[in-house]
Amino acid sequence: MKTLTVDLADRSYPIFIGESLISNPELFTPYINGKQVMIVSNTTVAPLYLDQLKSSLSQYDVDEVILPDGEEYKNLDTLNLIFDALLSKRHNRTTTLIALGGGVIGDMTGFAASCYQRGVDFIQVPTTLLSQVDSSVGGKTAVNHPMGKNMIGAFYQPKAVIADISVLKTLPQRELSAGIAEVVKYGLICNTSFYSWLNVNMETLAAYDVDALATAVELSCLDKAAVVAQDEREGGIRAILNLGHTFGHAIETNQGYGVWLHGEAVAAGMVMAADLSWRLGNISQQEVHDLQGLLKRAQLPCVPPAEMSNSDFIDLMQVDKKVLDGKLRLVLLTSIGEAVVTSDFAVETLNKTLSAGEQLGY
Ligand code: NAD
Ligand code: GLY
């Protein structure tokens with residue numbers, strides 16, 4: 001097992017990465033202060049892993065709330081089901097919430113923990129690759145609003161992240177690929193040696209190899225923890241973690257939540273960001289082409305939906321959280337392995353990227 005730390009002074013916490021971790025009670029007990037525990041999971045993950053987790057928590061009074069599965073349920077109505085369960089089971093301020101699921105469950109459980117009785121403890125047990133490499137770390141919690149993704153939420157850090165690689169074996173291939181998009185992101189924004197490793201190991205990773213998965217989770221969490229430690233509330237550098245996300249969120253919102261997976265939209269969005277970076281002279285066209293090739297090896301989409309117009313993109317991108325004084329800011333690459341948040345691009349150049357479609361980068 002590997003242990004990393006997210007270094008945030010008195011809110012620092014460990015990330016445990018390894019096999020069969022949810023069956024290890026010793027990983028949980030130091031992070032549960034009271035007697036009550038509420039596990040939050042969904043209809044897909046609970047039948048697979050809830051019993052295993054509960055057997056590690058036999059010394060506590062454990063309740064569970066099982067939510068419907070899907071991005072389309074990541075909203076205030078579903079969030080309320082968590083509060084209903086907590087109140088009807090009389091959970092008090094010493095309760096600990098445990099998120100057992102992917103990013104949707106993790107984001108909603110974290111947000112519920114931030115609000116319930118003005119804040120209770122929570123532990124992340126991420127069960128998708130995407131949630132192990134990204135969403136469970138860093139304390140961003142939220143639900144969607146019909147007008148924009150993750151628009152209602154809070155920064156609220158977990159007490160621990162327990163990333164059990166063994167549970168990834170039941171993840172559908174499309175979901176594994178979606179997680180790989182966020183893994184590629186770290187290579188692009190801050191880690192050229194990780195990017196090279198991915199270029200060598202992509203097929204192994206996409207074939208659920210346990211060692212490759214453990215390496216990818218560890219290297220991703222190291223990069224993410226380092227960025228979050230510098231800028232917890234995204235006043236500056238943390239925004240680079242959103243490479244491709246402004247384009248990607250526009251795709252997710254336009255297509256309807258859940259139609260394109262978040263990681264798929266991020267993959268196409270990263271190609272769009274790379275294309276714009278090339279048009280601005282920051283990277284070569286070959287590097288855009290190589291990125292597309294790498295994403296294709298992970299069976300990820302590399303171009304946006306054909307039916308999305310430039311104005312569809314621009315309208316949706318205007319509600320992005322990075323918009324400042326009405327000005328769109330994007331995460332772009334200054335080179336492979338380095339990113340910047342900037343509004344320094346001409347609208348005409350952005351429009352070329354938005355209308356490139358199938359021709360992106362070529
Ligand atoms: P998800 O939570 O919807 O999970 C994907 C699917 O896999 C679901 O159907 C789920 O039930 C299923 N699943 C989960 N674990 C499984 C397992 N071990 N075996 C079989 N099936 C399993 O999606 P996701 O990709 O994990 O997360 C996407 C969400 O994360 C989005 O809402 C996105 O906005 C959010 N996100 C948040 C952050 C953050 O910093 N908080 C970062 C990135 C993404
Ligand atoms: N996923 C982007 C962030 O955590 O900041």
Side-chain angles (χ1 to χ4, degrees), residues 6 22 40-50 52-53 66-75 78 99-111 114 124-144 148-151 153-158 161 163-183 185-186 189 208 213 220-221 223-225 227-228 230-246 248-249 252-253 257-258 260-267 321-322 331 341:
V6 183
I22 56 175
V40 183
S41 192
N42 72 22
T43 48
T44 304
V45 179
L48 295 168
Y49 302 111
L50 182 63
Q52 240 171 290
L53 176 58
I66 309 303
L67 304 179
D69 182 12
E71 183 74 34
E72 63 274 33
Y73 296 107
K74 189 181 172 185
N75 56 34
T78 312
L100 175 70
V104 170
I105 288 294
D107 281 13
M108 282 200 292
T109 306
F111 188 32
S114 79
Q124 289 272 18
V125 182
T127 62
T128 61
L129 180 61
L130 187 139
S131 57
Q132 294 190 353
V133 300
D134 193 352
S135 62
S136 63
V137 175
K140 277 190 183 175
T141 74
V143 294
N144 299 329
K149 248 200 75 89
N150 293 332
M151 281 293 153
F155 284 99
Y156 196 69
Q157 303 293 342
V161 178
D164 186 340
I165 303 295
S166 311
V167 305
L168 299 179
K169 65 179 182 292
T170 52
L171 200 59
Q173 178 77 60
R174 195 175 158 206
E175 298 291 350
L176 187 82
S177 295
I180 292 175
E182 300 279 10
V183 173
K185 175 187 78 180
Y186 294 108
I189 60 173
Y208 296 80
L213 286 168
S220 300
C221 287
D223 285 340
K224 178 145 189 187
V227 172
V228 169
Q230 288 174 67
D231 179 20
E232 182 186 4
R233 297 176 72 89
E234 203 166 302
I237 188 165
R238 181 164 179 171
I240 66 168
L241 295 171
N242 290 320
L243 177 73
H245 284 56
T246 306
H249 284 166
E252 284 183 273
T253 308
Y257 297 132
W260 275 54
L261 300 182
H262 175 73
E264 293 171 337
V266 166
K321 290 190 261 339
K322 285 183 292 303
V331 184
V341 186

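Being a predicted model, the structure only gives us computed values, none of them experimental. When a ligand or atom number is given, it counts from 1 through the structure's own listing order.
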- Query: Does even one non-hydrogen atom of E252 get within less than 4.0 Å of ligand 1?
  - Reply: no

- Query: Counting heavy atoms only, which part of D107 comes closer than 4.0 Å to ligand 1: side chain, backbone, both or neither?
  - Reply: side chain

- Message: Test side-chain contact (heavy atoms from CB on, under 4.5 Å) on V45 and Y49; report intermediate values, then the result.
- Response: CA-CA 6 Å; V45 179; Y49 302 111; 4.1 Å; yes

- Message: Applying a heavy-atom cut-off of 4.0 Å, say which part of N242 lies close to ligand 2: side chain, backbone, both or neither.
- Response: side chain

- Any idea which part of L48 is under 4.0 Å from ligand 1, heavy-atom wise: side chain, backbone, both or neither? side chain

- With a 4.0 Å heavy-atom cut-off (strictly under), which part of N42 contacts ligand 1: side chain, backbone, both or neither? side chain

- Query: Any idea which protein heavy atom is nearest atom 4 (O) of ligand 2, and the distance to it?
  - Reply: K224 NZ, 2.5 Å

- Task: Examine distances only and state if a side-chain atom of Y208 and a backbone atom of L171 form a donor-acceptor pair shorter than 3.5 Å.
- Result: yes

- Note on the structure: Honestly, for V45 the part within reach of ligand 1 (heavy atoms, under 4.0 Å) is side chain

- Query: Which atoms from ligand 1 have a heavy atom of K74 less than 4.0 Å away?
  - Reply: 31 (C), 32 (O), 33 (C), 34 (O), 35 (C)

- Check whether any side-chain N or O of K224 sits under 3.5 Å from a backbone N or O of V137 as a donor-acceptor pair, and report yes or no. yes

- ligand 2 contact by E182, heavy-atom criterion under 4.0 angstrom: no

- Taking both backbone and side-chain atoms of K185, is any N or O found less than 3.5 Å from an N or O belonging to ligand 2? no

- Item | Location of contacts on D134 toward ligand 2, heavy atoms closer than 4.0 Å | side chain

- Query: Is a side-chain N or O of Q157 found less than 3.5 angstrom from the main chain of G138, in a donor-acceptor match?
  - Reply: yes

- Item | atom 23 (O) of ligand 1 [closest protein heavy-atom partner, distance rounded to 0.1 Å] | G103 N, 4.1 Å

- Output the list of atoms in ligand 1 that are nearer than 4.0 Å to some heavy atom of V104, sorted by atom number. 1 (P), 2 (O), 3 (O), 27 (O), 29 (C), 32 (O)

- Would you say K149 contacts ligand 1, with heavy atoms under 4.0 Å as the rule? yes

- Report yes if some N/O of L130 lies less than 3.5 Å from some N/O of ligand 1; otherwise report no. no

- Min N/O separation V167 to ligand 1 under 3.5 Å: yes

- Task: Please test K140 against R238 for side-chain contact (heavy atoms from CB on, under 4.5 Å), starting from the C-alpha separation and ending with a verdict.
- Result: CA-CA 11 Å; K140 277 190 183 175; R238 181 164 179 171; 3.3 Å; yes

- Query: Which atoms from ligand 1 have a heavy atom of S135 less than 4.0 Å away?
  - Reply: 36 (N), 37 (C), 38 (C), 39 (C), 40 (O), 41 (N), 42 (C), 43 (C), 44 (C)

- Message: Nearest 0.5 Å, please: how far is CG in D134 from CG in L129?
- Response: 10.0 Å

- Hey, is T127 touching ligand 1 through its side chain, its backbone, both or neither, going by heavy atoms under 4.0 Å? both

- Task: Give the single entry among L241, L261, T170 that approaches atom 17 (C) of ligand 1 most closely by any heavy atom.
- Result: T170

- Can you sort out which atoms of ligand 1 are near D134, meaning under 4.0 Å from one of its heavy atoms? 42 (C), 43 (C)

- Query: Counting only heavy atoms not in Y73, do more than 12 sit closer than 6.0 Å to its OH atom?
  - Reply: no

- Backbone or side-chain N or O of H245 under 3.5 Å from ligand 2 N or O: no

- Query: Any N or O on Y49 sitting closer than 3.5 Å to an N or O of ligand 1?
  - Reply: no

- Message: Quick one, N242 and E234 - any side-chain contact, counting heavy atoms below 4.5 Å?
- Response: yes

- Mind telling me whether H262 and H249 have parallel, tilted or perpendicular rings, with 30° and 60° as the class edges? tilted

- D231 side chain vs I237 backbone, donor-acceptor pair below 3.5 Å: yes

- Test item: Y186 side-chain N/O and V133 main-chain N/O as donor-acceptor pair under 3.5 Å: yes

- Query: Tell me, which protein residue and heavy-atom name are nearest atom 31 (C) of ligand 1, and how many Å apart are they?
  - Reply: E71 OE1, 3.1 Å

- Hey, does the side chain of D164 reach the backbone of I22 with a donor-acceptor pair shorter than 3.5 angstrom? yes

- Distance to 0.1 Å, residue and atom name: give those for the protein heavy atom nearest to atom 22 (C) of ligand 1. L171 CD1, 3.6 Å

- Can you tell which part of K224 has a heavy atom less than 4.0 Å from ligand 1: side chain, backbone, both or neither? side chain

- Item | Atoms in ligand 1 flagged as close to E175, the criterion being non-hydrogen separation under 4.0 Å | 5 (C), 6 (C), 7 (O)

- Task: Verify, without hydrogens or angle tests, whether T141 (side chain) and A154 (backbone) share a donor-acceptor contact under 3.5 angstrom.
- Result: yes

- Query: Quick one: does K185's side chain have a donor or acceptor within less than 3.5 Å of a partner on L241's backbone?
  - Reply: yes

- Closest heavy-atom approach to atom 4 (O) of ligand 1 among D69, T128, N150 is made by T128

